[in-house]
S.K.: 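Quick one: the structure is below, questions incoming.
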Amino acid sequence: MSDSSAPPETDVFAGLTAPQKEAVGHVDGPLLVLAGPGSGKTTVVTRRVAHLISQGIPPWQILALTFTNKAAGEMRDRIERLLPDELIARRGLTVATFHSFCARLLRRYAQAAGLDSRFSIYDAADQRDAIKQALKAADLSSRNFTPGAVASAISNAKNRLLDAAGYAAEAGDFYTRSIARAFTAYEKVLRVNDALDFDDLLLVTARLLRDDESVRGELQRRHQYLLIDEYQDTNHAQFVIAAALAAQHRNICVVGDPDQSIYGWRGADIRNILEFEEQYPDASVIALGRNFRSTGHIVSAADQLIRHNTRRKHKPLSTELGDGEKPTVIVCRHEHHEAEMIVDEFRRRREENATPWKDMAVLYRINALSRVLEEAFRDAQVPYIVARGTAFYERKEIKDALSYLRLIANPNDEVALRRIVNTPPRGIGKTSLDTIELFALNHQMRFFDAMRAADRITGLTARAIAAVGRFVRLIESWREFATSAGESDDARLLDTEPPSILAELVERVVRESGMEKLYRNSKSEEDLARLENLEELISAASEFVPTVDERAETDGEGRHWAATDLLQAYLESVALVADADSVDPASGAVTLMTLHTAKGLEFEVVAVAGLENGLLPHLRATTSDAELEEERRLCFVGMTRAKRHLLMTRAAVRTHRGIRERTIESPFLHEIPTDSVITSDQAMYLDDIEDAEESWRPRPCPRKGAGRRPRTAVEASLIADPDQPEITIGCLVRHPKFGLGRVEAIMRRPVGSSARIAFQSAGTKTLMLEYARLKRVE
DNA sequence: CTGGTCATTTTTTTT
DNA sequence: AAATGACCAG
């Protein structure tokens with residue numbers, strides 16, 4: 001299929017360097033692309049896929065796997081833009097995250113995998129609940145075995161493809177054997193509930209591919225060309241999945257950078273990329289070392305730092321962009337001072353260099369650092385966004401609503417059931433639940449079935465029986481609604497306007513569960529915010545459209561999407577959101593995020609905060625050399641996000657978890673030669689922790705109660721971008737088609753915020769801010 | 001059964 | 001500092 005002579009100079013090769021061209025032109029056989037920071041990796045990958053298609057390979061034979069939805073979405077968009085229009089119509093190209101690919105595969109091959117296709121996906125919080133339950137069942141005190149420790153032990157085992165039995169076989173000492181018991185009990189909880197945790201998605205898929213020859217063969221034939229992004233972050237399960245898919249055709253292209261491997265703690269195995277050439281001795285290896293992103297001093301400082309990693313193959317980094325400015329290091333007095341310095345610097349950049357807010361970012365090691373920074377940006381009236389897409393789904397009211405939905409989709413999901421059975425309070429208290437549980441146990445019944453038979457349970461008060469009956473009828477009426485209401489006509493799916501059957505269901509749940517009433521009757525601002533969040537959830541549901549890939553899986557022979565399929569896909573997409581997914585380039589605000597989420601992104605101006613010993617490197621990652629090297633890579637990733645200017649800060653005194661402590665400089669700062677950076681010590685004469693406190697004057701205009709109140713999603717969107725006239729609630733806007741209207745509500749969502757606008761002539765509509773070309777009218 | 005207060009704990013990073 | 005869990009009064 002591939003031409004052995006030089007690839008033709010079509011436009012997919014335009015403007016590329018020689019190694020880039022080589023990678024783009026590669027068609028058959030294994031390929032390893034070592035892509036340093038800013039080396040045009042995404043360009044190479046997307047053009048290569050376009051090139052494959054131009055060589056006559058059907059798009060549906062190509063499978064690209066990424067780690068975040070955002071990366072997948074971007075890749076899909078960029079590939080499609082490279083393809084001729086007539087091809088887009090008949091695509092079928094699969095670009096997905098590892099986890100969503102596996103989830104879909106497992107639903108399709110549920111029977112072969114020994115699963116119920118309605119299985120739930122448990123997130124970290126659900127997993128915690130399930131582990132607590134398991135610890136109780138295994139009669140282990142959660143004193144000595146904290147759910148967190150057990151969870152990470154189990155996760156590590158699963159990433160190595162060990163199940164509970166395999167783990168137990170390895171367990172020697174008392175502690176490990178106890179964990180093994182907890183593991184076994186936890187697996188039982190998952191099985192009974194028809195639930196999988198994140199690790200299971202990979203583990204079960206890997207096992208299925210390994211053990212089931214016919215499934216493996218089918219998938220190998222379907223996915224002839226495999227592409228894996230960020231390969232340095234794959235764990236063993238992912239490695240097995242990739243190897244199984246590629247075993248026959250060997251058309252596997254992996255892209256990554258060992259120096260940016262930062263997920264070792266969750267089982268990523270850097271050996272996967274380091275030993276790729278041993279696994280595929282005939283692999284072509286292409287190194288992309290030239291940096292097109294950052295100016296010279298930034299590249300050189302980062303390079304000096306990463307050289308301190310010993311277990312590493314050094315590759316030269318060079319830049320195309322001239323020296324630029326030296327990175328700045330500022331030693332601040334304390335965290336508030338640090339935040340102010342960063343805000344000051346960003347303001348100056350905007351005034352002097354006209355750098356837009358959206359091209360600036362603050363990166364930090366731990367989420368807890370965001371609070372002080374947020375305060376500083378808010379007080380300075382600088383628009384900012386905290387990239388934390390998962391935060392929305394961690395809110396109590398949202399988790400509750402989703403638990404109702406999960407229970408509708410999967411009747412056996414007892415973790416979901418227990419969460420909402422008495423939320424909002426409906427008279428089913430602990431005593432009643434214990435009685436029901438005992439009954440279920442004695443009669444070998446499902447918990448929900450026992451509730452159904454509540455009137456036969458002795459020891460339950462008449463009051464409780466009535467309450468339980470009402471609850472059961474409520475759930476069953478929703479379930480009936482979801483199963484009977486099919487999408488009568490496919491056009492509805494493509495319609496952006498409600499009513500969507502899904503939104504209807506979510507709305508019914510919010511209303512009929514009593515959640516709406518509970519929060520509406522409350523006077524507290526917090527509950528009002530909760531109500532707004534629930535409305536946002538409904539609005540998000542109304543706009544939910546399964547991805548092309550998902551639809552392709554189910555549509556097939558003209559099969560219609562039933563409401564339950566839609567619900568399933570929705571719950572799946574919600575379970576698998578990542579923080580990085582919420583990074584919105586159209587937002588017009590400074591982005592605040594962790595170093596981990598920043599991987600793969602770039603900004604003109606970047607501040608890395610908290611360069612202190614114990615914070616970066618983190619205290620818990622200093623026990624081994626391997627961990628310390630990973631922390632160094634993390635710092636390297638942060639530094640190389642900057643295109644033009646890099647600011648690194650630390651506070652001499654920092655308050656963390658309520659304790660104020662003097663800090664020690666990060667060794668990483670020490671490792672960068674002093675003449676590679678410009679250092680400014682603002683805390684030189686700070687002899688005493690008390691001085692730090694005195695020097696912190698309360699900021700100018702502290703609003704009443706600010707800082708206490710939980711910030712709502714809506715509030716975040718009210719911080720406007722001065723680059724453009726802001727769109728706020730109540731303001732007048734003009735839409736190119738609908739004309740003049742007034743903004744009634746703004747809904748900020750992880751991806752694509754929207755606004756409800758009452759138009760003078762066109763009626764009330766909900767529009768996506770990103771696409772609707774709204775102009776504010778003064 | 002509900003809703004308060006008080007004590008205790010918190011792994012940093014995430015699909 | 002914040003969030004959970006245990007305990008107790010209504």
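Numbers restart at 1 for each chain; the letters A, B, ... are given by sequence-line order, proteins then strands.
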S.K.: Would you say the rings of A:H223 and A:F101 are close, in the sense that their centroids are separated by under 6.0 Å?
M.R.: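 Yes, ring centres under 6.0 Å apart.
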S.K.: Is any side-chain N or O of A:N159 closer than 4.0 Å to OP1 or OP2 of B:dT15?
M.R.: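 No, no such contact exists.
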S.K.: Across the strands shown, which category fits A:S152 at heavy-atom distances under 4.0 angstrom: base, sugar-phosphate, nothing?
M.R.: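 The residue A:S152 makes base contact.
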S.K.: So is the aromatic ring of A:F198 stacked onto the base of B:dT14, judging by whether the centres are under 5.5 Å apart and the planes are under 30° apart?
M.R.: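 No, aromatic ring not over the base.
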S.K.: Could you tabulate the donor-acceptor pairs under 3.5 Å formed by side-chain atoms of residues 262-270 of chain A, not counting sequence neighbours?
M.R.:
| unit_1 | atom_1 | unit_2 | atom_2 | d |
| --- | --- | --- | --- | --- |
| A:W265 | NE1 | A:I262 | O | 3.1 |
| A:W265 | NE1 | A:H596 | NE2 | 3.4 |
| A:D269 | OD1 | A:R271 | N | 3.0 |
| A:D269 | OD1 | A:R271 | NE | 3.1 |
| A:D269 | OD2 | A:R271 | NE | 3.3 |
| A:D269 | OD2 | A:R271 | NH2 | 2.8 |

S.K.: Among A:K132, A:K399, A:R419, find the one that has a salt bridge (charged side-chain N to carboxylate O under 4.0 Å, His left out) with A:D126.
M.R.: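 The salt bridge (charged side-chain N to carboxylate O under 4.0 Å, His left out) with A:D126 is passed solely by A:K399 among A:K132, A:K399, A:R419.
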S.K.: Need one value for A:R426: base, sugar-phosphate or nothing, where a base atom within 4.0 Å counts as base even if backbone is also close, heavy atoms only.
M.R.: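 Sugar-phosphate: the residue A:R426, judged by heavy atoms under 4.0 Å, touches backbone atoms but no base.
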S.K.: Does B:dT15 have OP1 or OP2 sitting under 4.0 Å from an N or O in the side chain of A:N235?
M.R.: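 For B:dT15, neither OP1 nor OP2 has a side-chain N or O of A:N235 closer than 4.0 Å.
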S.K.: Taking only side-chain N and O atoms of A:T68, does any of them lie within less than 4.0 angstrom of OP1 or OP2 on B:dT14?
M.R.: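 No, no such contact exists.
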S.K.: What's the shortest heavy-atom distance between A:R107 and A:I121, and which atoms?
M.R.: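 Looks like NH2-CD1, 4.2 Å.
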S.K.: Could you check whether the side chain of A:R620 and the base of B:dT12 have a donor-acceptor pair of N or O atoms closer than 3.5 Å, going by distance alone?
M.R.: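 Flag unset: no donor-acceptor pair detected.
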S.K.: Is there a side-chain polar atom (N or O) of A:T431 under 4.0 Å from OP1 or OP2 of B:dC1?
M.R.: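 Checking A:T431 against B:dC1: at least one side-chain N or O falls below 4.0 Å of OP1 or OP2.
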S.K.: OP1, OP2 of B:dT12 versus side-chain N and O of A:R657: anything below 4.0 Å?
M.R.: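 Answer yes for this pair, as a side-chain N or O of A:R657 is under 4.0 Å from OP1 or OP2.
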S.K.: Think A:R418 forms a cation-pi with A:F447, using NZ or CZ under 6.0 Å from the six-ring centre and within 45 degrees of its axis?
M.R.: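 Positive - A:R418 is close enough to the ring of A:F447 and near enough to its axis.
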S.K.: Nearest to the A:H99 side chain among B:dT2, B:dT13, B:dT15, which nucleotide is it?
M.R.: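 Taking heavy atoms from C-beta onward, the closest nucleotide is B:dT15.
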S.K.: So does A:T594 get a side-chain nitrogen or oxygen closer than 4.0 Å to the phosphate oxygens (OP1/OP2) of B:dT12?
M.R.: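 So the side chain of A:T594 is outside the cut-off, no N or O lying under 4.0 Å from OP1 or OP2 of B:dT12.
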S.K.: Taking only N and O in the side chain of A:R266, is any of them less than 4.0 Å away from OP1 or OP2 of B:dT12?
M.R.: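 No, no such contact exists.
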S.K.: So what does A:G148 touch, heavy atoms closer than 4.0 Å: a base, only the sugar-phosphate, or nothing?
M.R.: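 Base contact.
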S.K.: Between B:dT13, B:dT2, B:dT15, which one does the side chain of A:T390 approach most closely?
M.R.: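 Of the options given, the side chain of A:T390 lies nearest B:dT15.
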S.K.: Heavy atoms only, 4.0 Å cut-off, all strands: where does A:D199 land among base, sugar-phosphate and nothing?
M.R.: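 Nothing, no nucleic acid heavy atom in range.
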S.K.: Salt bridge check, A:R654 against A:E338: does any charged N sit closer than 4.0 Å to a carboxylate O?
M.R.: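 Answer for the salt bridge query: yes.
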S.K.: Is there a side-chain contact between A:T176 and A:Y167 (heavy atoms, below 4.5 Å)?
M.R.: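 Yes, side chains in contact.
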S.K.: Please list each protein N or O that sits under 3.5 Å from an N or O in nucleotides 6-10 of chain C, with the distance.
M.R.:
none

S.K.: Looking for any heavy atom pair under 4.0 Å, which part of the strands does A:N367 touch: base, sugar-phosphate only, or nothing?
M.R.: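 Here A:N367 touches the backbone only, sparing every base.
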S.K.: Check every strand shown and say whether A:A149 touches a base, only sugar-phosphate, or nothing at a heavy-atom separation below 4.0 Å.
M.R.: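 If one applies the 4.0 Å heavy-atom cut-off, A:A149 turns out to touch a base.
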S.K.: Report yes if at least one side-chain N or O of A:K430 is closer than 4.0 Å to OP1 or OP2 of B:dT2; otherwise report no.
M.R.: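 A:K430 to B:dT2 OP1/OP2: no side-chain N or O under 4.0 Å.
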